[in-house]
Number of protein chains: 2
Amino acid sequence: MTAQRKAVLDVLHRWHDHPTADEVFLRVRKLLPKVSLATVYRNLDVLAEQDEIQVIEFPGQPRRYDAVTRPHYHIVCVECGRVEDIHLDRVPDLGALVQRTGAYEVLATRLEFEGRCSRCRAR
Amino acid sequence: MTAQRKAVLDVLHRWHDHPTADEVFLRVRKLLPKVSLATVYRNLDVLAEQDEIQVIEFPGQPRRYDAVTRPHYHIVCVECGRVEDIHLDRVPDLGALVQRTGAYEVLATRLEFEGRCSRCRAR
DNA sequence: AATGCTACCAGGAACTACTCCCAATAAATG
DNA sequence: CATTTATTGGGAGTAGTTCCTGGTAGCATT
């Protein structure tokens, strides 16, 4: 656990606004001004591999990162791009359903939402 | 409806293997050898806007296109990248559930699957 | 038929979000 | 303390897509 890796993790523990790699980079650079973007990307990959952080991928948007690893869902605002958490209980196991219907071994189910956040709706 | 736009649509009506823009381009070029990639992209956008085709977006992968617009789901093979259709009945309206829990106006629900196709599993 | 208008075109440059490479440095191990 | 191993910063490269420029096609109005 190098200073760089720790700084990346700290940033994600401190802020829960689902920053992009670039945003993490800008925040880490305040602590370690010489850090490189490649290092941030590398450490985000390593931390995700170790399940210390979660990767949030919305198509056509930069990846976002989240230090909260317990399962929950995300919604992205189509206007401002903000990503927020959604907590849902008792979501049926749709992956199992798919597994039964076909020839696929189902490895993951991706469930995400798009909408307009209250702030953008107010405008 | 120019010849180029018609050719793009024809390609998607003829093949249902969820081609990428690049694959559409290669197929259109057999009919219209001078067509440009930008034109294919533009017409895919226009056709999607008009709901004549559907866009399939898996994060980190090129977009794929589908002339079948009635709602169905997709699964991508993590090994070969092939995208296949999944037909599911009676999927609960998770978007409505989310709408009730929070401040968001839910505009779309994205439900996709990842797995290993039978062909890759056989190897 | 000439003019203006709009939509569309090809080709290439530009852009974004990564990803890869490499020499230099730091950490871990014996 | 020496050496192996992991990690670093910086810069170049990449894939997929978008943007820009100048030009053309089709159509309505004169």
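Each chain gets a letter, A, B and so on, in the order its sequence line appears, and its residues count up from 1. Fair warning: this is a prediction, and the values are worked out from it, not measured in the lab.
Comparing A/V46 and A/P33 by the nucleotide of DNA chain D whose heavy atom lies nearest to each, the residue mapping closer to the 5' end is A/V46.
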For every nucleotide of nucleotides 25-30 of chain C, 5' to 3': is a protein heavy atom under 4.0 Å from its base (B), only from its sugar-phosphate (S), or from neither (-)? ------

Nucleotide by nucleotide, 5' to 3', does protein get under 4.0 Å of the base (B), only the sugar-phosphate (S), or neither (-) in nucleotides 15-20 of chain C, counting heavy atoms? --SBBB

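Residues forming a side chain to side chain contact (heavy atoms under 4.5 Å, CB included) with B/T69 (at least two apart in sequence, or on another chain): none. Remark: A/R64 engages no residue in a side chain to side chain donor-acceptor pair (under 3.5 Å) (not counting sequence neighbours). Take A/Q61 and apply the side chain to side chain donor-acceptor pair (under 3.5 Å) test, not counting sequence neighbours, and it matches no residue. Shown here are the side chain to side chain donor-acceptor pair (under 3.5 Å) partners of B/D45, two or more places apart in sequence or in another chain: there are none.
Along DNA chain D, the stretch of nucleotides lying under 4.0 Å from any heavy atom of chain B spans, 5' to 3', D/dG16 to D/dC19.
Hydrophobic cluster membership of B/L107, counting Ile, Leu, Val, Met, Phe, Trp and Tyr whose side-chain heavy atoms lie under 4.5 Å apart directly or via other members: A/V78. Taking Ile, Leu, Val, Met, Phe, Trp and Tyr as hydrophobic and joining them when side-chain heavy atoms fall under 4.5 Å apart, one finds B/V83 in a cluster with B/I56, B/F58, B/V76. A/V68 belongs to no multi-residue hydrophobic cluster, having no ILVMFWY side-chain contact under 4.5 Å with any other such residue. Summarising the hydrophobic clusters (Ile, Leu, Val, Met, Phe, Trp, Tyr; side-chain heavy atoms under 4.5 Å, direct or chained), the residues clustered with A/L97 are A/Y73, A/I75, A/I86, A/L88, A/V91, A/L94, A/V98, A/Y104, A/V106, A/L111, A/F113, B/Y73, B/I75, B/I86, B/L88, B/V91, B/L94, B/L97, B/V98, B/Y104, B/V106, B/L111, B/F113.
Rounded to whole Å, the distance from CZ on B/F25 to C1' on C/dG12 is 13 Å.
Applying the salt bridge (Lys or Arg N to Asp or Glu O under 4.0 Å) test to residues at least two apart or on different chains, the pairs with a partner in residues 73-82 of chain B are B/E79-B/R116, B/R82-B/E84.
Inspection of the A/H72 and A/D66 side chains reveals an N or O donor paired with an N or O acceptor under 3.5 Å.
B/D22 comes within 4.0 angstrom of nothing in the nucleic acid, heavy atoms only.
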